Amino acid sequence: MGGNGLHRKARRGAQTFDAVVVGGGIVGLSTAYYLSERRGMRVAVLDRGRLGRGATWAAAGMLASQCEVEEAGPFLTFALAGRALYDRLAPALRDETGVDIGLRRSGALRVAFTEEERERLKRHAAEQRRWALDARWLEADEVRRLAPALAPGVLGGVYFPGDGHVDSRRLAAALAAACARRGVALLEHTEVTGWVVEPRQAQGPAAHPGGRDAGSAHPPGARRALGGGSGTASEGRVIGVATAAGELHAGAVVLAGGSWSGLLAAQLGVDLPVKPVRGEVVALRAVDVPLDTIVFAKGTCYLVPKADGRLLAGATQVDDGFRNVPTLGGLGALARAAETLAPPLAAAEVEDYWSGLRPGTADGLPVLGPVPGWAGLYVAAGHFRNGILLGPLSGMIVARLIQGEPVPFNWRAFGLEGRFGPADAPAAALAAAADR
Ligand code: GLY
């Protein structure tokens, strides 16, 4: 790498794939899973650590499309479709890998502790019923019939029978196992150190869906490796990634790097404002709180009863950079919130406690699809609180875009086009890349 962070020369013997996926969490693994449905497609997944050990590992696995999404709009549609996909994905993964991902249609109960929240929840339920969704308002006594351990301070709630949860760790294991069976190269501890790019050729290889054709200020075919610079000039094509172990070249590269996605995109001059938001989760055992359903209290905590008898209580939401550790303060906050929700939880045994970094975006919505200014590059990132819910569908959408198949879903509502930074930044980054 040169002093300005740019690779001067590609290493010899680069491996070549049809698609390289950067990030081995739920989104990246799902992308590879759907890409590899097409026989003969050579796919690689790279992760800076171990597969599925980032935000995916930390997730409580909620499929709370209706519970967490208050307004009807593209995001609700996305969330509902993401939830529905699990009805096919769970049995498909079990058949292919033998792994049960623990899908439970437990329902979710969102409760109110204040009059204001009670009114808001009633509106939330009414809005969803307008769209023929099942959202049942329950008065306080009905809430306690459903969940007797909840505190007397609960003033009512909405029950969403269609919501549920999965075991996110088993899900990642199942996706990785399916990918491995299909011959996907799964490369752990393989950090991307830069991008391999070339100027876009107007008469060059077929444009990827969503990419833009553009003239070039550079000689056709002049490849370079870009590791983080800026400058001025034209659009380009991403043809691979650089790692300490060498370059991997591919017709399509997918950026699915969770909280790290913004840093990687910045090397290409792409404004992808994703930042880590820490979530801490505690696993409780010996819980004298009979619960069949998820209980969710906005802004304080949620409880997810898992099939193995544990009750997960989550999650904090802490803006603390890339510091990914469970803290005493977080545990205390969760303990207070859980006990306020269900007082008998004070006696529960703390079995485990962990943290993860949710990838939060500047506007709170995920980012999906081709990256403007960079042919061959796609993004699937920024799923914030909904990575498990939306990860498989996001992966499927990006896979179908790469495969040039129609996508019967309004992914453009989450596209990068015109969403964040200036459109000329990718061209500036390309100009700064060193010629080979
Ligand atoms: N969706 C729950 C969370 O991110 O904590």
Side-chain angles (χ1 to χ4, degrees), residues 25-27 30 52-71 75-76 78-80 82-83 85-86 101-111 124 158 160 162-169 171-172 258-259 261 274-284 291 293-306 310-320 324-327 329-331 333-338 341 352-361 363-367 381-394:
I26 178 71
V27 179
S30 297
R53 291 297 179 119
T56 300
W57 185 256
M62 286 197 289
L63 307 178
S65 324
Q66 289 181 251
C67 180
E68 287 215 53
V69 185
E70 290 174 26
E71 285 175 21
F75 190 67
L76 178 60
F78 192 14
L80 292 171
R83 188 182 74 184
L85 182 57
Y86 275 92
I101 64 168
L103 174 63
R104 297 287 179 276
R105 292 291 183 206
S106 62
L109 173 65
R110 181 163 164 179
V111 297
H124 180 163
V158 186
F160 304 97
D163 281 348
H165 54 96
V166 290
D167 183 319
S168 59
R169 298 176 186 181
L171 172 61
S259 289
S261 301
V274 176
K275 71 168 189 176
V277 181
R278 190 171 69 233
E280 295 164 56
V281 176
V282 59
L284 305 171
L291 262 191
T293 181
I294 293 171
V295 178
F296 183 93
K298 189 174 169 109
T300 63
C301 85
Y302 51 76
L303 306 172
V304 187
K306 304 307 274 192
R310 299 191 304 171
L311 186 70
L312 303 188
T316 60
Q317 206 165 290
V318 185
D319 184 356
D320 193 13
N324 187 13
V325 287
T327 63
L331 183 59
L334 282 176
R336 284 189 295 279
L341 193 54
D352 203 355
Y353 180 42
W354 62 80
S355 66
L357 299 178
R358 300 181 188 88
T361 56
D363 60 9
L365 295 172
V367 184
H383 292 74
F384 191 39
R385 295 180 62 94
N386 297 290
I388 302 302
L389 173 65
L390 303 175
L393 181 57
S394 299

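The shown structure was predicted, so the numbers you read here are calculated from the model rather than taken from an experiment. Residues: numbered from 1 along the sequence shown. Both counts, for ligands and for their atoms, begin at 1 and track the order of listing.
Contact atoms of ligand 1 toward A315: 5 (O) (distance under 4.0 Å to a heavy atom of the residue).
Considering all non-hydrogen atoms of both residues, S259 and R358 come closest at OG-O, 3.4 Å.
Among protein heavy atoms, atom 3 (C) of ligand 1 sits closest to Y302 OH, 3.3 Å. Residue, atom and distance of the protein heavy atom nearest to atom 4 (O) of ligand 1 are R358 NE, 2.7 Å. For atom 1 (N) of ligand 1, the closest non-hydrogen atom of the protein is R385 O, 2.6 Å.
Contact analysis puts E68 in contact with ligand 1, with a non-hydrogen atom separation below 4.0 angstrom.
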Practice item. Run the numbers on R110 and Q66 for side-chain hydrogen bond (donor to acceptor under 3.5 Å, both in side chains), then give the verdict. Key: CA-CA 10 Å; R110 181 163 164 179; Q66 289 181 251; over 6 Å; no

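When non-hydrogen atoms are compared, ligand 1 lies under 4.0 Å from the side chain of M62 (C-beta onward) but not from its backbone. No part of F384 comes within 4.0 Å of ligand 1, judged by heavy-atom distances.
For the pair L63 and L389, the minimum side-chain heavy-atom distance is below 4.5 Å. Side chains of T361 and V274 form a contact here, defined as non-hydrogen atoms less than 4.5 Å apart. Residues N386 and M62 are not in side-chain contact: their nearest non-hydrogen atoms beyond the backbone lie 4.5 Å or more apart.
Using cut-offs of 30° and 60° for the angle between ring planes, the Y302 and F296 rings count as parallel.
Taking distance alone, with nitrogen or oxygen atoms compared against 3.5 Å, N386 stays at or beyond that limit from ligand 1.
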